[in-house]
Amino acid sequence: MDKEELERGALQNEKEKQEEEEEEQVVNPWEVSAKEGGKIDYDKLIEKFGCQRLNQSLIDRVEHLTSRRAHVFLRRGAFFAHRDFNEILDAYERGEKFYLYTGRGPSSEALHLGHLIPFMFTQYLQEAFKVPLVIQLTDDEKFLWKNLTVEESRRLARENAKDIIACGFDIRRTFIFSDFDYVGGAFYRNMIEISKRVTCNQIVGIFGFVGEDHIGKYSFPPVQAAPSFPSSFPHLFSGKDNLRCLIPCAIDQDPYFRMTRDVAPRIGHHKPALIESLFFPALQGETGKMSASDPNSAIYVTDSEKDIKNKINRYAFSGGQDSIEKHRQLGANLEVDIPIKYLGFFLEDDAELEHIKKEYGAGRMLTGEVKQRLIEVLTKLVERHRRARAAVTDEMVDAFMAVRPLPNMFN
């Protein structure tokens, strides 16, 4: 049985798996919840989705091919799973280029730190491999799923674009588009090619749609699938239909691309490769993704220094003991400690992180000290982002979103 047959079989069995999963953890593009409020079991998720663990040999290859140290998100396992990333590296080693594709569903005015993670990592990949990037703003999806008007969805897309641009993307290699503005022509033709090859039963099995859902939900998955194929962007990749695509994303987006990978060889394209991240935990603990309905569950890029200090001190779940005496004796439980987990994402210095973990785990460092270091790190990060975003003008957004060739995108 070849890989295509295996993937089609996995798609057909998805509904049965989903029914079993309902009693355990649920992970899809719209819902993330752990079993009985516990932690997400990523090993079980890898087994269910059929992706692979990102191992040290792949990270070593990235460093060798880019002649630079791997990003902290790679070194510390924040991006932990993949589909065919090894094939992207094989092709790159042979001198073949690829392009990056990621996106954002613009449903809120402000982004939190979890939203920034795929963009921070994608910016590193673009800079390290010197490759072009397409960023999809799914304003149509948020109109379909949220209580938003078309106008509000489009406005939020442009506002979110400013935060994305502030992450440092190279305008010579980056095309940002909103679905409401760009979908049509070659992009729409690919959507129709995809739609014809995915049955309603498959869509229900993959995404769990029910009869009461409006048809807009059923028709959306091909919209997110289409950017995986270079022919969707003739102004960028004309004559480059064999170009490979790498998608950095959180693992809850995997269902879209399992569907896409099943269709790809049947319409003459490479399967898109994926590199997938863990969920950035809520301040209150590792129960899944942060909730936009609870502003105290996350640090937002609009938070002031006072906001950050208050949220970390009041809401960040601690693995420390309930008394200093007991803490000195037993040390902290690093497995559940949110300040340690946040430092694992954002404290660049490996040696300092290991020192903090060692001292805190042994009880020689107190919770307050660890939280104070995290406050310093996040305040600096948010302030840097705020300054960068303030420099992004409407004209810059227009420039990134202009449908134009990128003649130097591989130079």
Side-chain angles (χ1 to χ4, degrees), residues 88 92 96-106 111 118-142 150-151 153-194 222-249 260 269-270 272-273 388-411:
I88 289 285
Y92 190 80
E96 298 174 22
K97 298 293 187 177
F98 63 93
Y99 74 100
L100 296 162
Y101 157 40
T102 194
R104 159 83 182 141
L111 277 61
F119 295 110
M120 294 170 70
F121 185 64
T122 302
Q123 190 276 331
Y124 149 78
L125 291 173
Q126 181 186 57
E127 190 176 87
F129 287 98
K130 296 180 174 54
V131 290
L133 161 69
V134 296
I135 300 176
Q136 181 182 43
L137 300 174
T138 56
D139 43 7
D140 53 343
E141 178 206 14
K142 293 310 173 185
V150 170
E151 292 74 20
S153 298
R154 295 183 70 200
R155 186 188 72 80
L156 289 172
R158 284 186 64 87
E159 287 302 310
N160 285 186
K162 293 176 181 177
D163 281 298
I164 292 167
I165 292 167
C167 291
F169 293 107
D170 184 347
I171 195 168
R172 299 169 301 171
R173 296 190 173 99
T174 306
F175 172 52
I176 302 175
F177 66 98
S178 87
D179 288 342
F180 277 134
D181 291 338
Y182 181 72
V183 171
F187 192 103
Y188 183 70
R189 288 194 289 276
N190 274 338
M191 284 171 50
I192 296 302
E193 292 275 13
I194 296 161
V223 184
Q224 187 158 324
S228 307
F229 306 133
S231 57
S232 294
F233 306 100
H235 65 288
L236 298 177
F237 305 130
S238 179
K240 295 183 172 67
D241 286 358
N242 206 38
L243 195 64
R244 294 175 186 269
C245 175
L246 173 63
I247 305 170
C249 61
T260 309
H269 282 290
H270 288 298
R389 191 193 191 281
V392 178
T393 63
D394 286 330
E395 289 74 22
M396 287 174 67
V397 175
D398 291 338
F400 270 93
M401 298 184 77
V403 178
R404 69 207 190 278
L406 299 175
N408 299 309
M409 60 186 174
F410 290 119
N411 292 344

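Computation of the quantities below employed the complete heavy-atom set of this structure, encompassing side-chain atoms and omitting hydrogens, waters and symmetry-equivalent molecules.
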Return the set of residues passing salt bridge (Lys or Arg N to Asp or Glu O under 4.0 Å) with Asp163 (not counting sequence neighbours), or none when no residue passes.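 Per chain and number, Asp163 pairs via salt bridge (Lys or Arg N to Asp or Glu O under 4.0 Å) with Arg389.
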My understanding is that only residues two or more places apart in sequence, or in another chain, count here; which of them pass salt bridge (Lys or Arg N to Asp or Glu O under 4.0 Å) with Lys162?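 With neighbours one apart ignored, the set is Glu159, Asp394.
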Please check if the side chain of [X] supplies one atom and the backbone of [Y] the other of a donor-acceptor pair under 3.5 Å.
| X | Y | answer |
| --- | --- | --- |
| Ser232 | Ala226 | yes |
| Asp139 | Ser178 | no |
| His270 | Leu243 | no |
| Thr102 | Pro248 | yes |

Looking only at non-hydrogen atoms, find the nearest pair between [X] and [Y] and report the distance.
| X | Y | result |
| --- | --- | --- |
| Phe233 | Phe229 | CD1-O, 4.1 Å |
| Asp181 | Arg154 | OD1-NH2, 2.7 Å |
| Leu406 | Phe175 | CD1-N, 4.4 Å |
| Ile176 | Leu137 | CG2-CD1, 3.8 Å |
| Ser228 | Pro230 | O-CD, 4.1 Å |
| Thr122 | Leu100 | O-CD1, 4.0 Å |

So do [Y] and [X] actually touch side chain to side chain, heavy atoms under 4.5 Å?
| X | Y | result |
| --- | --- | --- |
| Pro234 | Phe187 | no |
| Val397 | Ile165 | yes |
| Asp398 | Arg158 | yes |

Rounded at 0.5 Å granularity, tell me how far [atom1] in [X] sits from [atom2] in [Y].
| X | Y | atom1 | atom2 | value |
| --- | --- | --- | --- | --- |
| Phe400 | Ile171 | CZ | CD1 | 4.5 Å |
| Leu111 | Ile164 | CG | CD1 | 7.0 Å |
| Asn160 | Arg155 | CG | CZ | 9.5 Å |
| Leu133 | Gln123 | CG | CD | 10.0 Å |
| Lys240 | Lys97 | NZ | NZ | 11.5 Å |

Once ring pair (Phe, Tyr, Trp, His ring centres under 6.0 Å) is applied, do any residues pair with Phe129, and if so which ones, sequence neighbours excluded?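 Only Tyr92, Phe98 meet the ring pair (Phe, Tyr, Trp, His ring centres under 6.0 Å) criterion with Phe129.
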Could you tell me which residues satisfy ring pair (Phe, Tyr, Trp, His ring centres under 6.0 Å) with Tyr99, sequence neighbours excluded, listed by chain and number? Phe237
Between Ile135 and Arg104, does a side-chain contact (heavy atoms from CB on, under 4.5 Å) hold up when you go through it step by step? CA-CA 8 Å; Ile135 300 176; Arg104 159 83 182 141; 5.6 Å; no
Can you sort out the partners of Ser238 under side-chain contact (heavy atoms from CB on, under 4.5 Å), two or more places apart, ordered by chain and number? none
Taking only residues two or more places apart in sequence, or in another chain, which ones meet [X] in a side chain to side chain donor-acceptor pair (under 3.5 Å)?
| X | result |
| --- | --- |
| Thr174 | Gln126 |
| Tyr101 | Gln136 |
| Asp241 | none |
| Ser231 | Asn190, His269 |

Going by salt bridge (charged side-chain N to carboxylate O under 4.0 Å, His left out), name the pairs with one or both residues in [range], residues two or more places apart or in two chains.
| range | value |
| --- | --- |
| residues 164-179 | Asp170-Arg172, Asp170-Arg173 |
| residues 402-411 | none |
| residues 118-129 | Arg68-Glu127 |

Can you confirm whether more than 12 heavy atoms, excluding those of Tyr188, are under 6.0 Å from its OH atom? no
